[in-house]
Peer 1: 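Below are the structure tokens for one structure; questions will follow.
Proteins get letters first, then strands, A, B, ... in listed order; numbering begins at 1 in each.
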Amino acid sequence: MSSSNPLVVTASPHLSTPDSTPRIMWTVVASLGPVLAAASYFFGVSALLVVAAATLGALVTEFWFGKGRTLLDGSAMITGILLGLTLPAGLPIWMAFVGGAFAIGFGKLIFGGLGQNVFNPALLGRAFLQAAFPVALTTWPKPGGTWWELRGDNLALPLMSAGATDAITGATPLGLMKFEHAGTPVSDLFFGTTGGSLGETSALVILLCGTYLALKNYLNWRIPVSVFAAVAILAEMLHLLDAPRFPAPAFMLFSGGLVLGATYMATDMVTSPVTNLGSWIFGAGIGVLVVVIRIWGGLAEGVMYGILLMNAMVPFINRVTQPRVFGTGRVTGVR
Amino acid sequence: MTHGAVEPASMTHGAPVAPRARRPVAPREDLLRGVWKENPVLVQVLGMCPTLAVTNSVANSIAMGLATLFVLVGSCVLVSGIRRWVPDQVRIATFVLIIATFVTVADMTLEAVAPAIHKSLGAFVPLIVVNCIILARAEAFASRQSVGRSALDALGMGFGFILTLLLMGTIREILGSGTLLGRSLFGPSYEPWVIMVLPPGGFLTLGALLLVVGWWRQRKAGRAVPVNEPACAPTVGKVA
Amino acid sequence: MTDPAGTGQPAAADVRTSRLVTTLGGLGALAGLLIVVVFRWTQPSIQAHKAEVLRQAINEVLKEPDSYDTLYLVDGKLETEPAAGLDRTKLEQVYLGHRGNGGSVGFAVAAAEPGFQDVIRLIFGYDPKTGHLMAMKVLESKETPGLGDKILKDSAFIGEFEGAAVPLNGVKRGSGKAGDASQVDMITGATISSRTVIRAINQTIARLGPIMDAYARNATQ
Amino acid sequence: MGELTWIFVSAMVVNNFTLMLFLGLCPFIGVSNRIATALRMGAANTFVLVMTAVCVWVLNTFVLVYAPYLRLISFIVVIASLVQIVEMVIKKVSPVLFRELGIYLPLITTNCAILGLAIFQTSRGYDFLEGLSFAVGAGAGLTLALVLMASIRESSELANIPQPVRGTALVLLIAGSLSLAFMGFAGLLSSG
Amino acid sequence: MIPRFSFRHGVHPPDLKALTRSAAIRRLPYPEEVILPLRQHTGKPAKAIVKPGDRVERGDTVAEADGWMSSPVHASAAGRVDAVGLWPHPDGSFAPAVRIAVEPYSPQAPRPRIVPDWKGLTREQLIEAIRKAGVVGLGGAAFPTHVKLSPPKDQAIDVLIINGCECEPYLTTDHRTMVEYPQRVHLGVRIMMQCLGVRRAVIGIERNKPDAIAALRSSLPGDIDVAVQPLTVKYPQGAEKMLIRALVGREVPSGKLPLHVGTVVQNIASVATIAEVFETGLPLIERIVTVTGRGIRRPSNLIVPVGTPLRYLLDACGGMTPDAREVVFGGPMMGVAQANLDVPLLKGTTGVVVLTESDCKAEESYPCIRCGRCLDACPVFLNPQLLGSLALAGRYDEMTANHLADCMLCGCCSYACPSNIPLPQLFQAARVAIRQRQSAA
């Protein structure tokens, strides 16, 4: 054998799944392409500006404070894009940038980077923005218009407010339901012709992309399924109780960020339980919190907080849902 | 009221015990110790509750800082003054009594003099009673040292506390309202970061400050320094 | 230690106990004295300030009356002088404003309701003769700065309550029918806070309105 | 009834003592590194909170109407004695429980959550049942925050936390995130 | 839901057996020397009874068993003892070995019948004969077979399980044995049943070996209760506990042995070897190995003498390709990579896999992203994610509390890990550290 090609000695197993962490991450990034395209179809260039700014904020922070090559694993990219998708189209892009930076800095790097964080960084960034700039974050431009038209004051100077804009804004379907008891046709929700954040408009596109990821086992299908099931069951029970007061399950499922949240945010591997039983509990918990916040809370939308709160529960869930080790507990066939 | 079980041992990793007067300590050292080297909040991690709760504006920070300074100095001087007459068993009880008295006085005075600020500080003025800084200094320093040294130490600690509150208040008011002491800094179109005046903003600001302090100390030491573990809990272990 | 009966101890303990008691007692007495002195000294200005705040609020919501009376709610009736033995501070109070010519201008009523973050306290002026509100002022709220706290700061919103007919009906800004006096335009983005204000007023009117109406009728008769 | 539920929910999550009002931070920072400890601390706190609510109601109703200036002093004395009595009772009744809780009980005396409860209960004029509901809600909220923080800290012990963040800074930053998440409960049960 | 004829969790690595699946077993010429390590089995190493210069015939004992949990070693070729001393061992260490310079041009004729005929022997005599023949488990762990066949008296055994899964990718040793020597397998089963006194035997074979299933089924003896059961293709189907679970639905309690649930598990190669030993009268001196992988020019299934140097074996298969990177003893999932080509083949070596650069997993590992795939993979339901983190933090006591002892080091977790974290290695290191601490205490 030639000396230029020495043998290597590694620990077993010597085979490994073709999936690698960067591959999973970048596949998720790619699967967000259609969602992004849909967002830009509805909200024009503003959608791309906002997402790009959030992503840039995330990447710059990861590069600056992170350790060298961690940009390549793609996780900061996902955080940035997902954060961007939860924002309204008319947001000043400096806010999106700040959100991305916060998401990575305080959501991820302080815990030691990839894999160590407790809260979904994108949602933490979103919650930060929501708390910091409540007005800007609840100004929802209506979809439509020409592609090049800005949907609000995207280009406001850093630290300055959006100022007076002439963009046509409208309430989200959930806002309409909560504050004016006005419904929105479910077909509009499904195809995306309603007001709302960039990524929450078209349930159809998100579900398709999510199914693709689930088939590749890049997301844990149990989580979205249990979220949807919990929301549907609870909503149906309430709807049967008092139909005029509580909206129908279909509306609850397809309005707001539920589809995006359940598919892309709740399934973030780092911040969801590692056990399958835990995943069911986690998803069901999110579903219940979403319904509780939407119906009895002061906010129209509860997906973000539902997921963040359950993120906080994850270490606890992991602890109590440890699998029963083979050959312990109730044992079959002992003689 | 005295609790015998949790006695001295817990003190070792609590608030730094004042050095027994082996060599004469310069008054300057007594005074400056609390400002930076043993800053009650940033280094000893005491008195978190007011540091987080009332620092959403500079005015509130100053008022809270002054009230605490008043109680701190008053209590420490008195504690030091009567330390020879107070039996050990009722030591803590008398401390608490003294502190509560001073706090009541401060509370009423503030309400009479500056009702607006008193209202915005709310329940946190009476809560000075349970501010660990005061008990920690009374117990760790004033009950063993002369009146003069106790006064200097209390002043230093109080100033350190005020400085930290002021730092927090400044950051939070500038970012959160775009103002400093109520005066607008950036003009009308500034977008305030509302979160900074909300509870999460308090946690995040102090967390970030401690992070910077940790980073700075690490850099200065050039190696890993012992983590600044919270000192509050072990210290108050002595109290009851 | 060598004394099993502990006969050596009690004497010492006695001394100590007495000392403990005197120390604590003495300090307690001193503390009490100090507090009472400060209390005596500060109380007048604190009370004066409170009264002033209340007076200003009543002036504002009753449009500067020349004087006002404090009425106490006793057994579903308003009385100027509750029977002796009742603790006035525990009774619900409303304030009746008067013009110089002796005519009443309306009642100032306090209301409270849980809002977005915590309880919102407010006071409003109500004219039983017309069944309309005179004005509304939020006294205390912890609503989100920049959003919910517009109920204190947004003059357009506060202005909505002047002359509004009860029960109020909150609508989205710009979407109400013209000429409906009961409509109040809610603050965009602070719907919960706006609604809390409206609900607080509506519920208080529903509870106290008839009582105030009755009192006003009796007074004019 | 609705009022009592609201008081409970408000004290537990909407205005969570620890995460929204910064009360009870000492145990939150000091004894939140193990779930088991956090649970016990939470239970002990809840117990003392409830006892305090009862005592404060008694004080407010029968004593402080005559001497309002003694409010603070009487509260702190009552709380301190209460903790002492609870400690002695537990020691007598269940030595096992005492061993488990013993070291935490003294800590509770200077826990601002207890005094805070007393002060809020007074300034809001809660009656007996409302005070009880408030205390139970506050206790549940404290326990929830403690357990969440403890479980997060337990898991982050295994994480590769950067050196300057370790210790109190990390606890505060996690608390900030938790506090952000708890903002989702804003307005719960009050939207009508 | 408990799957029938399988177990829960596990992984599905590519089986890669096509390289040698249909290559008939062939015999190699004798190498110039054979190296016989004294430690080729679980338990105490054997004691050498030859010295340099001694001449040995094929089948002569060169080392005697040292106690019950031990096994003798026999000369696998006729020749002269060259040295008795340290030599590179496939486990990476240097270990005592007997080196025999093989006599060139020797007919390699064995001494007649060293092992007696099995017919008419009592149970005890059979086990003694097996022990003397140096038979150990040929599935990899090399557990002395006579120990396994002598369960404690109070432990009733009711079923003998034969492991024909060969779930490791690449390897076809057992597969070819079943296809080419079905009669030998059945004879081995018969002898073992007699040793154990059981009336029932089940042969478990993964479904990806239909020809082996057919061959064994068509030759089933009519007079004893032997069944051939096809099993789901999944790694590690061949692990004892998984196999028992799949075939008879019993769960071996944590920390217990298969015999505690009334079973004894034997590898198919061991079964065939027992038959061969009694047929030929020779002790265990040669075995069948698969030499395979994309890094070898002529992948083959071979009968080779125990102790054949690896270098000779590779050369006999056409040598390694230029892009060969790693040589593994055993299968790719649990096998041990070799740093030295002078190591000899052991009794327990099931195969030699030569991996190329493109086969080797990436060397770079990423932080754990808590995807939970390792939990879904672990056949014994451990939480490898937690165990791995604890290992990295050096918190070994908590690892013990989290059932580190139940880990079989099967490698499923690491196979499934997208971040490429060497979990079995961490667990192994933790075990060593715990053992050291215990022995220090």
Peer 1: Quick one: closest heavy-atom pair of Leu188(D) and Gly297(A), and the distance?
Peer 2: CD1-CA, 3.5 Å
Peer 1: Side chain from CB out, backbone as N, CA, C, O: work out which of these in Ser155(D) comes under 4.5 Å of a heavy atom of chain A, or both, or neither.
Peer 2: side chain
Peer 1: For a 4.5 angstrom cut-off between non-hydrogen side-chain atoms, does Leu180(D) reach Phe119(A)?
Peer 2: no
Peer 1: Which of residues 314-323 of chain A get closer than 4.5 angstrom to chain D, counting heavy atoms alone?
Peer 2: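 If one takes a 4.5 Å heavy-atom cut-off, the residues of residues 314-323 of chain A near chain D are Pro315(A), Phe316(A), Arg319(A).
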Peer 1: Out of curiosity, Asn117(A) CG to Ile152(D) CD1, how far, rounded to the nearest 0.5 Å?
Peer 2: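 Answer for the CG-CD1 pair, Asn117(A) versus Ile152(D), is 11.5 Å.
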Peer 1: List the atom of Ser177(D), the atom of Leu124(A), and the distance in Å for their closest heavy-atom pair.
Peer 2: OG-CD2, 3.6 Å
Peer 1: Using a heavy-atom cutoff of under 4.5 Å, enumerate the residues of residues 270-291 of chain A that contact chain D, numbered in order, or state 'none'.
Peer 2: Leu289(A)
Peer 1: Is Ile161(D) close to Gln116(A) at the side-chain level, that is, under 4.5 Å between some pair of heavy atoms?
Peer 2: no
Peer 1: For Leu178(D), is it the side chain, the backbone, both or neither that has a heavy atom under 4.5 Å from a heavy atom of chain A?
Peer 2: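 It is both, since atoms from each part get that close.
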Peer 1: Sort out for me which of Leu123(A), Leu309(A), Val118(A) touches chain D most, counting heavy-atom pairs under 4.5 Å.
Peer 2: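 Highest number of pairs under 4.5 Å: Leu309(A).
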Peer 1: Considering the options Val165(D), Asn160(D), Leu170(D), which one meets the side-chain contact (heavy atoms from CB on, under 4.5 Å) requirement together with Phe111(A)?
Peer 2: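 Single side-chain contact (heavy atoms from CB on, under 4.5 Å) partner of Phe111(A) among Val165(D), Asn160(D), Leu170(D): Leu170(D).
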Peer 1: Under 4.5 Å from any heavy atom of chain A, what part of Val9(D) do you find: side chain, backbone, both or neither?
Peer 2: neither
